[in-house]
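Side-chain atoms are counted along with the backbone in the values below, which use heavy atoms only and exclude waters and symmetry mates.
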Amino acid sequence: MTFAYQAPASHSFVPEIWDSELLVAFDPLLVWASPIVANNKYEGDIRKQGDVVHINSLLRPTVGDYTVANGMTAQRPETVDQKLPITEAKYLQVLVEDAEKVQLAGGLDSPINQQMIRSLAREADTFMGGIIANGATALPNIKPTAGSIPQSLYSAILDMMLSLDDNDIPTGRYVVVSSRVKRYLIEHPAVANAAAYGEGGVTANGVVARLAGFTVASTTAMPTGVDIVAGHSEFATYASQFTGFREGQSEKYRADYIDTLHLFGGKIVRFPGMDTKKTDNTFDETKPTKGIVKAAVEWPA
């Protein structure tokens with residue numbers, strides 16, 4: 001029963017419209033969880049918090065020398081299992097007088113809803129940044145002098161390039177820097193000339209430049225004790241799913257509610273030949289990955 005003072009529950013509210021609008025507004029806000037930094041190849045079918053996505057890595061077969069006398073010896077394919085747990089569940093719920101009217105008015109464009117979406121994106125990005133930074137190989141701290149900050153930061157990125165080169169990390173790499181690093185890095189001529197501020201679409205996902213084979217992005221969601229992270233998206237994976245908007249009559253307020261649940265998880269992806277395989281056919285995940293490197297800056301006083 002609906003009383004006169006209550007907003008009737010909408011029967012023509014189309015949640016798919018909001019699902020689409022949410023992703024359009026949400027995805028460009030991501031840096032750590034964006035496709036530039038973390039792949040989403042293994043999202044699978046996520047239904048609830050606690051789900052586990054399995055990633056099977058095929059061990060590299062051994063190439064043998066062929067002779068007529070010895071012929072060939074067949075090898076049985078061997079895989080190593082990795083588990084991607086969906087550990088996070090965050091929600092967004094808004095109260096509206098009438099769900100239909102809000103939809104017709106473009107409800108997700110309202111300032112309060114945009115702030116809610118930013119908060120959801122910040123949660124996901126902070127989580128994924130921690131996963132990536134914790135699994136990265138630490139390089140020596142960067143120690144610039146007061147007059148050499150831009151050059152020292154630029155040289156550190158080139159050192160990261162060399163470290164990734166030494167481990168045959170493929171092209172399509174990224175560098176994520178803190179806001180403070182960006183402020184000084186952009187003063188270096190090589191970076192200023194490569195700045196992407198004029199490119200179409202580069203304001204999405206924090207991109208500020210393309211340099212030395214890297215897409216350079218900046219974020220305020222930098223993990224503590226880290227100023228620069230460089231790597232390739234193949235070495236971190238992010239699985240995410242919004243369960244879809246639903247609407248109904250609030251039991252507490254004279255209004256309709258509209259809500260959605262965000263399920264997500266992330267992990268460092270291990271590769272045969274680069275990571276240590278244990279006897280139980282899993283990887284040793286206590287060791288850092290060679291596909292992502294990080295460094296901290298000791299700022300001059």
Side-chain angles (χ1 to χ4, degrees), residues 26-40 118 121-122 124-126 128-133 136-236 238 289 291-300:
F26 182 84
D27 287 351
L29 299 175
L30 303 174
V31 177
W32 295 112
S34 74
I36 297 169
V37 177
N39 71 73
N40 58 1
R118 289 190 185 96
R122 178 79 176 196
D125 231 27
T126 299
M128 199 61 207
I131 294 286
I132 292 171
T137 296
L139 299 183
N141 285 1
I142 305 160
K143 301 177 181 180
T145 62
S148 69
I149 296 177
Q151 180 59 49
S152 295
L153 298 176
Y154 177 69
S155 295
I157 290 177
L158 296 185
D159 288 341
M160 290 180 162
M161 177 185 70
L162 179 59
S163 178
L164 297 175
D165 285 348
D166 287 343
N167 287 294
D168 294 324
I169 307 306
T171 58
R173 303 167 183 174
Y174 66 83
V175 171
V176 178
V177 301
S178 67
S179 297
R180 190 173 184 182
V181 169
K182 178 182 72 172
R183 178 256 178 272
Y184 288 102
L185 190 61
I186 207 71
E187 289 185 3
H188 193 282
V191 181
N193 292 337
Y197 290 116
E199 285 185 38
V202 296
T203 55
N205 306 123
V207 174
V208 296
R210 309 194 193 280
L211 175 74
F214 290 113
T215 296
V216 183
S218 178
T219 179
T220 56
M222 208 73 185
T224 302
V226 180
D227 291 286
I228 307 177
V229 176
H232 194 285
S233 62
E234 288 295 308
F235 293 86
Y238 169 70
T289 176
I292 307 172
V293 294
K294 64 182 178 181
V297 178
E298 295 183 17
W299 299 99

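When all heavy atoms of Pro150 and Leu185 are compared, the pair lying nearest together is O-CD1, 4.4 Å. For the pair Ala296 and Gly225, the tightest heavy-atom approach, listed with the atom from each and the gap, is CB-O, 3.3 Å. Here the closest non-hydrogen pair linking Val226 and Val229 is CG1-CG2, 3.4 Å. The shortest heavy-atom contact between Pro223 and Gly129 is CG-O, 3.3 Å. The nearest pair of heavy atoms linking Ala33 to Asp125 is N-OD1, 2.9 Å. In plain terms, the two heavy atoms of Ile36 and Tyr174 that are nearest each other are O-CD2, 3.4 Å.
With contacts defined as side-chain heavy-atom distances shorter than 4.5 Å, the pair Met128/Val31 does not qualify. Side-chain contact check for Phe214 versus Val176: every heavy-atom pair is 4.5 Å or farther apart. Side chains of Tyr238 and Val37 form no contact here, defined as non-hydrogen atoms less than 4.5 Å apart. Side-chain atoms of Leu139 and Met160, non-hydrogen and from C-beta on, do get closer than 4.5 Å to each other. The shortest distance between side-chain heavy atoms of Asp227 and Arg180 does not fall below 4.5 Å. Contact check for Tyr184 versus Gln151: no side-chain heavy atoms found under the 4.5 Å cut-off.
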Give the C-alpha distance, both sets of side-chain angles, the deciding distance and a yes or no for side chain to side chain contact (heavy atoms under 4.5 Å, CB included) between Tyr154 and Leu211.
CA-CA 10 Å; Tyr154 177 69; Leu211 175 74; 3.8 Å; yes
With side chain to side chain contact (heavy atoms under 4.5 Å, CB included) as the test, would you mind laying out the steps for Thr220 and Arg122 before giving the verdict?
CA-CA 9 Å; Thr220 56; Arg122 178 79 176 196; 2.6 Å; yes
Is there a side chain to side chain contact (heavy atoms under 4.5 Å, CB included) between Arg173 and Asp165 once you walk through the steps?
CA-CA 11 Å; Arg173 303 167 183 174; Asp165 285 348; 2.7 Å; yes
Determine, stepwise, if the pair Leu164 / His232 fulfils side chain to side chain contact (heavy atoms under 4.5 Å, CB included).
CA-CA 9 Å; Leu164 297 175; His232 194 285; over 6 Å; no
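Here the CG atom belonging to Leu29 is positioned 6.5 Å from the CZ atom belonging to Arg118, to the nearest 0.5 angstrom. Note that CD1 of Ile228 is 7.5 Å distant from CE of Met222, once rounded to the nearest 0.5 Å.
Residues forming a side-chain contact (heavy atoms from CB on, under 4.5 Å) with Pro144 (at least two apart in sequence, or on another chain): Ile142, Ser148, Ile149, Ser152, Val297, Pro300.
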